[in-house]
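Working notes, structure below.
Only heavy atoms go into these numbers, but all of them, side chains included; no hydrogens, no water, no symmetry mates.
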Amino acid sequence: MLPIIIFLLMAGLTVFMLVYPLWQGSSAARPLPAAAAPRVSAGKCVTCGRALEPDERFCPQCGTPAGLRCPQCGRALAGDERFCPGCGTKLEGSR
Amino acid sequence: MIADIGYGALLLAFLSAGYAALAFVLGQRRRYPELIRSAENGFRMAALWVAASSLIMLYLLVSRDYQVRYVFEHVSNTLPLAYVLSAFWAGQEGSLLFWLLLVSMAGLVVLYSQRDAAAQPLRPYLLATIAIVQTFMALVLILPSNPFALLANRPADGLGLNPLLENVGMIFHPPTLFIGYALYTIPFAFVLAGILSGQPSDAWMARVRRWSLMAWLFLSIGIILGAWWAYIELGWGGYWAWDPVENSSLIPWLVGTAALHSAAVQSRRGIFRTWTAVLNILTFGLCIFATFVTRSGVIQSVHAFERSSLGWYFAAFLAIAMAGSLGLLAARRRAFADNYALESYLSREAGFLIGNLLLVGAAAVVFLGTIFPAITELFRGQQVALDAGFYNRSFGPIGLAIILLFGVCPVLLWRRTTLTQLARRLIVPAAIAVLTIVVLIVIGRREPIALVGFGSVAFVAGNILMEFGRGALARMRSAGENPVTALLRVVGRDRRRYGGLIVHLGVLLIVLGVVGSGVYRQEYQTVMKPGETLDIAGYTVQYVQYVDQELPDKQRFATILRVSRPNGAARELVPEKNFHWNVEQWVSEVAVWSRPAEDFYVILAGLSSDGTATFQFLQEPLMLWMWIGGGVMVLGTLLAWWPAGERRRRSAADTAEG
């Protein structure tokens, strides 16, 4: 008998946890926050992979311009995108 | 009674996970956030009930409740506590429960870590995929493979663990392998979420990288520990027998390795997207395949698990998962199109591509070899297994090509490299390789395999060490740092790259062990009486004493040997041959003296009542380096995985930007 009671309690807890968010209704619904992330300068050279200091504008190893990168997916950016072409993240400071 | 509650918890886990999977997808499709929150709770409850049933399982094992069949089959009154706990994953039902537990815990980490805004579109599909895997595993546990099944009465003692499994390697080998298999669910879930959410971009690549690395790390450790266990415990002096069960863990490892490298190119250059997705899907599929091979009994193996219907559940799940995910990928393939094409075949991208193809080729060879017995059974009615020669002939050359590529790839530049650039950077390593081969020939080691093997290792090692040197030199010149600081800074600044190179160094050490023990292994067999002394291959072996001892679990026959070298170094080695009561089987315990140059490996092959013993002595050159190489691989992977570097760099960049 005891195992059945314990099982019913467990099942009851499960059902409560599943139903509670639905019962709470739309009053608790929050809009999903919009993604807007700052641009960051490159951590690494896109050509040779060398680690770059934040103030280095060109890679000291191979001379490639230190480009911008999407903070979300790390994709190299040209600098004029409003959204990252890789992942669609909205980029701040876009013109 | 407690076992019934454990079963009830599994039932609830199954229902909660199934509900969560449905609710996540519906909630996302219908834009119904409450339903998604309800699904999240379902996901949490599933993890809770899996954890509860696992704890109950552990309790039943520790309390030795023999009425539970699983406990009866894997634990006995004399079994030490460490092995009682490891019995949790020693058997079929327990190991599947353990797997489900791991997937659930990893799922919780995903649930709580992927909460940022950019993860929102992916998240429901990601969690839904994990929930589907959980639902399947829970289904298997409540139907064909119930760990809480009861016997009609309660026996006084259990059968206990197979004595071969009573080894430290066996406490850690299966769980590490399972952790690897289970964690590969997460990269798969990311890929599927990428496809389903219509965001098949590079966004999830950055998120999935550390999961893939962790899964790969555990799979690697599991495989190495398995090899070590075979070497120490099985008593035939080898470490890898190309057994189907061993192979089935190597196949996902090879494809997973390809996936890691392909993902590295994708995150840096935005190419190989479809390829990376396919590799991640296949790696997950091959983890399931490994379980199918192990548990179905379709292919005969030394890892004698009973032939059960369970395998077919896995086969069905595998077919559905692969057809579904690859089908979806094919349907959405345009979204996975690459931004650029490969610019030159002499570029690092191309190097990665060739490496990928070689890894997948090697995996295909092992895969075909593994299923070959099943194919012959289908056509000829009997299983014909391929011998180690097949694998050595086909896997060897591919392995060598991969090793050589280790040497060439890091000096290739991204996008394109000229032949002059390549030649300039390869000339020193090539010279080191030639020098190594010349030295080997001069000292009389002229076996072709050894020359090629050691020559390649020298070439690649020279190259990798030069990579470290080049980086450190640049810092010493530009920042005026001392060599040690410069080296540490260089490595710390680009952990992904240097961690990867350290992993390659580890692989080279393993190759040393493989070639050394493969080419120069020597075997001697001799009969000795107690008190006798013998000179073998530079060792003096004195058979000191013979021990015959009755223990609660076994009859122990041990021979105490004193082994010494001409330089005075000495060791006591105690090879044993024990008769275990519970399985009524003889089990050998080998004794090994490991030195950097070679292992001296003693097997007690036979014994008569007066103590006259037949010994097998094996010389295994460079074996120790295989295990050291494994350790180096682990360190390199952890270095590449460690997050602090990325975070610091990102926050520094943020400050500079703000």
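Residue contact with chain A, scored on non-hydrogen atoms closer than 4.5 Å, is absent for B:Ala39. Using a 4.5 Å cut-off between heavy atoms, A:Leu13 contacts chain B through both its backbone and its side chain. Looking at A:Leu18, both its backbone and its side chain come within 4.5 Å of chain B, counting heavy atoms on both sides.
Between B:Glu467 and B:Arg470, at least one side-chain nitrogen of the basic residue sits less than 4.0 Å from a carboxylate oxygen of the acidic one, meeting the salt-bridge criterion.
Between the side chain of B:Arg425 and the main chain of B:Val411, a donor-acceptor pair closer than 3.5 Å is present. Looking only at distances, a side-chain donor or acceptor of B:Arg123 sits under 3.5 Å from a matching main-chain atom of B:Gln114. In terms of modelled atom types and a separation under 3.5 Å, the side chain of B:Ser38 and the main chain of B:Glu34 share no donor-acceptor contact.
Listed options A:Ile4, A:Thr14, A:Val15 were ranked by heavy-atom pairs under 4.5 angstrom with chain B; first place goes to A:Thr14. Annotation: maximal heavy-atom pairing with chain A below 4.5 Å, among B:Asp4, B:Leu12, B:Leu11, occurs at B:Leu12.
When all heavy atoms are compared, the tightest approach of B:Ser197 to B:Leu122 is OG-CD2, 3.5 Å.
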